[in-house]
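Below: one structure, written as structure tokens.
Just so it is clear: chains get the letters A, B, ... in the order the sequence lines come, proteins before strands, and each one is counted from 1.
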2 protein chains.
Amino acid sequence: MSSDTRGPRDRMVYATAQHLRRAGVSGTGLRQVVIDADAPRGSLQHYFPGGKDQLVAEALDWAGTWAAARVGEHLSRMRRPTPSRLFTAVVDDWAADLDAREFARGCPVAAAVVDCADTNETVRRAADTALETWRRPLAEALVDMGRSRRRADSLSTLMLCALEGAILMARARRDTAPLRLVARELAPVLDAPPGAQR
Amino acid sequence: MSSDTRGPRDRMVYATAQHLRRAGVSGTGLRQVVIDADAPRGSLQHYFPGGKDQLVAEALDWAGTWAAARVGEHLSRMRRPTPSRLFTAVVDDWAADLDAREFARGCPVAAAVVDCADTNETVRRAADTALETWRRPLAEALVDMGRSRRRADSLSTLMLCALEGAILMARARRDTAPLRLVARELAPVLDAPPGAQR
DNA sequence: TGACTACTATGACGAGTGTCATAGTAGTGA
DNA sequence: TCACTACTATGACACTCGTCATAGTAGTCA
């Protein structure tokens with residue numbers, strides 16, 4: 001995740017995503033992003049003629065893609081994957097991140113939704129597709145585990161809802177317990193045999 | 001919920017809470033709050049010498065208390081309350097609100113956490129206690145329904161996590177489906193007979 | 001060498017921010 | 001009438017914000 005090798009453009013997108021996680025959209029200043037990215041300020045209007053909206057949108061896009069890839073990594077590490085094991089892996093990943101950074105950074109998509117859902121349609125759309133980019137590999141994995149398409153869509157959405165909420169509560173309480181809690185409580189729902197539930 | 005009868009102080013707190021729901025903490029300007037509240041600007045420093053932090057903290061406090069009272073209202077309307085029925089009532093409440101306001105307003109506590117968890121300890125604490133104020137009546141109700149204290153704490157936390165996440169996703173998608181989904185999926189977990197689960 | 005493109009540097013603009021200082025008004029109780 | 005308190009009015013300060021205009025540099029083709 002070191003950002004030295006990539007070009008300044010990518011570094012700015014990455015720095016924006018990280019800043020979103022800490023302070024939300026309106027709390028993210030472009031000047032600070034440029035500093036964090038160790039990028040030239042003049043490049044902002046060159047690479048992102050669409051202004052802050054474009055930068056934030058690309059940061060969300062990056063975040064969605066990254067999260068999706070992370071799901072793949074978790075899956076590839078599992079001998080016999082089950083829905084609950086997958087969910088637990090994702091949740092544990094977040095718990096470790098929150099712990100390591102002392103709850104400083106949450107989910108950038110959540111930040112975008114909270115700040116912009118009503119005021120900035122560009123960003124809202126980007127957040128929406130980022131969530132979808134993240135959810136899709138979860139659903140695919142569930143299908144591979146024998147769930148129907150419909151069921152996989154439902155369960156993957158449930159996973160993301162519970163995770164986002166748990167991240168939120170964990171940051172409020174400064175305690176990762178909610179994350180572990182949702183992983184434990186959802187296990188029976190997620191692992192219910194394919195035919196048993198609607 | 002009309003704000004004409006209350007004093008300017010209360011109106012400012014209320015207006016702040018509503019503004020938080022739309023644009024987050026950093027997106028909430030004090031001058032706009034004053035206008036929305038139809039309050040004198042000079043009263044800001046008089047009633048809230050602690051500045052914006054105090055105002056936001058009180059708004060979160062108000063929101064937590066309001067949400068808790070709402071739980072009570074739902075319960076009082078139920079002949080034979082069950083955990084899943086209670087959760088569904090809360091969720092439906094939110095779905096109706098989101099629909100009515102076209103997804104413009106989310107949860108003020110979520111907004112505070114996302115924007116301030118890392119940068120503003122005062123607000124973070126206020127968000128934490130607001131969540132707790134909200135969760136407590138849920139847990140109490142679950143105890144009344146025969147769940148153990150431990151179990152009630154777990155389930156009430158699960159409810160709030162799923163709800164907060166579903167609100168988030170609903171606003172991103174501009175669709176209340178995630179809310180209805182979590183209510184449906186969590187029902188078996190919530191209604192599992194007291195002794196059946198850990 | 002010269003034109004052309006990609007990228008960077010920098011200063012400024014106007015608007016908005018939270019906060020504060022200062023002065024004013026209305027009402028109450030002595 | 002006087003003092004005192006509660007509350008309001010308003011202008012200013014010192015920022016920060018996103019955006020833009022303009023100029024400059026480096027590199028690449030012809």
Any idea which of [options] is nearest the [X] side chain?
{"X": "A/Leu30", "options": "D/dG18, D/dT22, D/dG11", "value": "D/dG18"}
{"X": "B/Ser43", "options": "D/dC7, D/dT19, C/dC7", "value": "D/dC7"}
{"X": "A/Gln45", "options": "D/dC20, D/dC7, C/dC20", "value": "D/dC20"}
{"X": "B/Arg31", "options": "C/dT10, C/dG18, D/dA9", "value": "C/dG18"}
{"X": "B/His46", "options": "D/dG11, D/dC7, C/dT8", "value": "D/dC7"}
{"X": "B/Tyr47", "options": "C/dT19, D/dC7, D/dA9", "value": "D/dC7"}

To the nearest Å, give me how far apart [atom1] ([X]) and [atom2] ([N]) are.
{"X": "B/Gln32", "N": "C/dT17", "atom1": "CD", "atom2": "P", "result": "8 Å"}
{"X": "B/Lys52", "N": "C/dC20", "atom1": "NZ", "atom2": "P", "result": "14 Å"}
{"X": "A/Leu44", "N": "C/dT10", "atom1": "CG", "atom2": "C1'", "result": "13 Å"}
{"X": "A/Asp115", "N": "D/dC17", "atom1": "CG", "atom2": "C1'", "result": "15 Å"}
{"X": "B/Arg9", "N": "D/dT8", "atom1": "CZ", "atom2": "C1'", "result": "16 Å"}
{"X": "B/Arg41", "N": "C/dC20", "atom1": "CZ", "atom2": "P", "result": "13 Å"}
{"X": "A/Phe48", "N": "D/dG18", "atom1": "CZ", "atom2": "P", "result": "14 Å"}
{"X": "A/Leu55", "N": "D/dG18", "atom1": "CG", "atom2": "P", "result": "10 Å"}

**Prompt:** Under 3.5 Å, is there a donor-acceptor pair linking the side chains of A/Arg180 and A/Thr176?
**Reply:** yes
**Prompt:** Would B/Trp62 and B/Val34 show up in the same hydrophobic cluster when neighbours are defined by side-chain heavy atoms closer than 4.5 Å?
**Reply:** yes
**Item:** Identified salt bridge (Lys or Arg N to Asp or Glu O under 4.0 Å) counterpart of B/Glu140 within the set B/Arg149, B/Arg147, B/Arg135
**Value:**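 Considering B/Arg149, B/Arg147, B/Arg135, a salt bridge (Lys or Arg N to Asp or Glu O under 4.0 Å) with B/Glu140 is found only for B/Arg149.
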**Prompt:** Do you know which two heavy atoms are closest between A/Arg105 and A/Gln18, and how far apart they sit?
**Reply:** NH1-OE1, 2.8 Å
**Asked** Which distance, rounded to the nearest 0.5 Å, do you find between the CG of B/Leu163 and the SG of B/Cys107?
**Response**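 Interatomic distance, B/Leu163 CG to B/Cys107 SG, rounded to 0.5 Å: 7.5 Å.
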**Request:** Between A/Gly50 and B/Pro8, name the one whose nearest nucleotide on DNA chain D is closer to the 5' end.
**Result:** B/Pro8
